[in-house]
Amino acid sequence: MSQEIRRNMALFPIGIVMKLTDLTARQIRYYEEQGLIKPARNKGNQRIFSLNDIDRLLEIKALIDQGVNIAGIKAIYENKKAPEANIVPAENENKNKKRDLTDKEVHDLLKRELLHGLSKEKVSLIQGELTRFFRN
DNA sequence: CTTCTCACA
DNA sequence: TGTGAGAA
């Protein structure tokens, strides 16, 4: 179902993810190095994260706050499932499919899956990014 | 200005 | 984990 595709669609640069998760770029890159997340890369080699990555980052942050170390977190995820690779939104192909996801759908999707526990500011950040993405 | 990699008093 | 250099 397209709903699944959307969750793994890489859309956010590390700057946005930093604000969204309250993690430093150093930490985010380190977690990737440890195989905890699998952000995609754009043509400029910059990491682009999906909603799944952000969710996982938030989970990792919570686990660390609870005193779990990286090894422990790795074990937790390894016993479950490896993070799925992100879907890289095509640069040109995007223009033709931009309206595949309407603003209302984006809003509903976020409200249903990501807004739990996030501040209004962060929600706005996410929506702003999505809006910018689908506007181009 | 933002992000990337790599190295380290 | 932080920080700064040098490049893109």
Side-chain angles (χ1 to χ4, degrees):
Chain A
M1 184 177 273
S2 56
Q3 205 76 316
E4 284 298 323
I5 297 176
R6 290 167 187 165
R7 278 215 124 246
N8 271 47
M9 183 164 54
L11 302 170
F12 318 98
I14 200 167
I16 298 296
V17 179
M18 287 173 68
K19 297 173 185 171
L20 255 27
T21 63
D22 283 312
L23 291 172
T24 64
R26 180 76 175 75
Q27 289 176 297
I28 296 172
R29 291 172 184 139
Y30 179 65
Y31 300 152
E32 174 193 29
E33 190 180 303
Q34 297 306 306
L36 266 27
I37 52 174
K38 293 286 190 296
R41 300 292 185 123
N42 61 19
K43 286 186 176 179
N45 192 42
Q46 300 195 172
R47 273 166 272 248
I48 41 182
F49 304 76
S50 67
L51 255 29
N52 278 335
D53 291 324
I54 295 176
D55 275 349
R56 171 155 291 197
L57 248 14
L58 254 16
E59 290 174 18
I60 294 171
K61 185 172 185 293
L63 289 172
I64 288 180
D65 287 340
Q66 290 170 35
V68 182
N69 57 34
I70 298 297
I73 297 175
K74 276 188 185 178
I76 292 175
Y77 287 128
E78 284 174 9
N79 292 325
K80 293 183 176 178
K81 55 185 178 182
E84 315 111 74
N86 286 336
I87 296 173
V88 183
E91 313 259 329
N92 303 313
E93 169 195 19
N94 176 38
K95 286 195 173 182
N96 305 315
K97 294 186 176 179
K98 66 175 181 179
R99 280 307 154 195
D100 176 53
L101 236 198
T102 67
D103 290 341
K104 185 183 186 307
E105 288 176 316
V106 171
H107 187 95
D108 293 341
L109 178 66
L110 290 171
K111 195 163 191 174
R112 220 168 339 95
E113 315 203 26
L114 250 191
L115 311 199
H116 308 300
L118 291 185
S119 68
K120 292 283 187 180
E121 293 68 39
K122 292 181 179 181
V123 171
S124 295
L125 270 176
I126 293 176
Q127 296 184 319
E129 274 302 302
L130 290 173
T131 298
R132 215 169 310 143
F133 179 77
F134 288 105
R135 176 161 47 71
N136 297 319

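Everything numeric in this text was worked out from a predicted model, so none of it was measured. Just so it is clear: chains get the letters A, B, ... in the order the sequence lines come, proteins before strands, and each one is counted from 1.
Counting non-hydrogen atoms under 4.0 angstrom, A/Arg47 reaches the backbone sugars and phosphates but no base. Residue A/Gly15 is in sugar-phosphate contact alone, with no base atom involved, counting any heavy-atom pair closer than 4.0 Å across all strands shown.
As a whole-Å value, the separation of A/Asp65 CG from C/dT1 P is 10 Å. Between the CE atom of A/Met18 and the P atom of B/dT3 there is a distance of 7 Å, given to the nearest Å. Look at CG on A/Asn69: it is 11 Å from P on C/dT1, rounded to the nearest Å. Between the P atom of B/dT2 and the CG atom of A/Asn42 lies a distance of 16 Å, rounded to the nearest Å. At whole-Å resolution of the value, CZ in A/Arg29 and P in B/dT5 are 7 Å apart. We find that NZ of A/Lys61 is positioned 15 Å from C1' of C/dT1, with the value rounded to whole Å. Rounding to whole angstrom units, CG of residue A/Asp22 and P of C/dT1 are separated by 14 Å. Going from atom CG of A/Asn45 over to atom C1' of B/dT5 covers 9 Å, rounded to whole Å.
Residues satisfying the side chain to side chain donor-acceptor pair (under 3.5 Å) test with A/Arg41, not counting sequence neighbours, are A/Asn45.
The minimum heavy-atom distance linking A/Glu32 with A/Pro39 is given by the pair OE2-CG, 3.3 Å. Listed here is the closest heavy atom pair of A/Gln27 and A/Leu23: OE1-CA, 3.6 Å. Annotation for A/Leu58 and A/Leu20: closest pair CD1-O, 4.1 Å, computed over non-hydrogen atoms.
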* Candidate pair A/Phe49 and A/Ile37, rule side-chain contact (heavy atoms from CB on, under 4.5 Å), full reasoning -> CA-CA 9 Å; A/Phe49 304 76; A/Ile37 52 174; 3.9 Å; yes

* To do: With side-chain contact (heavy atoms from CB on, under 4.5 Å) as the test, would you mind laying out the steps for A/Glu129 and A/Leu11 before giving the verdict?
  => CA-CA 8 Å; A/Glu129 274 302 302; A/Leu11 302 170; over 6 Å; no

Please write out the pairs of protein N or O atoms and N or O atoms of nucleotides 2-8 of chain C separated by less than 3.5 Å, giving the distance to one decimal.
from  : atom 1 : to      : atom 2 : distance (Å)
C/dG2 : OP2    : A/Thr24 : OG1    : 3.1
C/dG2 : N7     : A/Arg26 : NE     : 3.0

* Both distances under 3.5 Å, Watson-Crick or G-U wobble: on that basis, could you give the dot-bracket string for DNA chain C, with [ ] for crossing pairs and | for other-strand partners? => .|||||||

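A sub-4.0 Å separation between OP1 or OP2 of C/dT1 and a side-chain N or O of A/Tyr31 is present.
Looking at heavy atoms from C-beta onward, A/Arg29 lies in side-chain contact with A/Ile14 at the 4.5 angstrom threshold. Using a 4.5 Å heavy-atom threshold, the side chains of A/Tyr31 and A/Ile70 count as touching.
Cation-pi contact between A/Arg56 and A/Tyr77: present, with separation from the ring centre below 6.0 Å and deviation from the ring axis of at most 45°.
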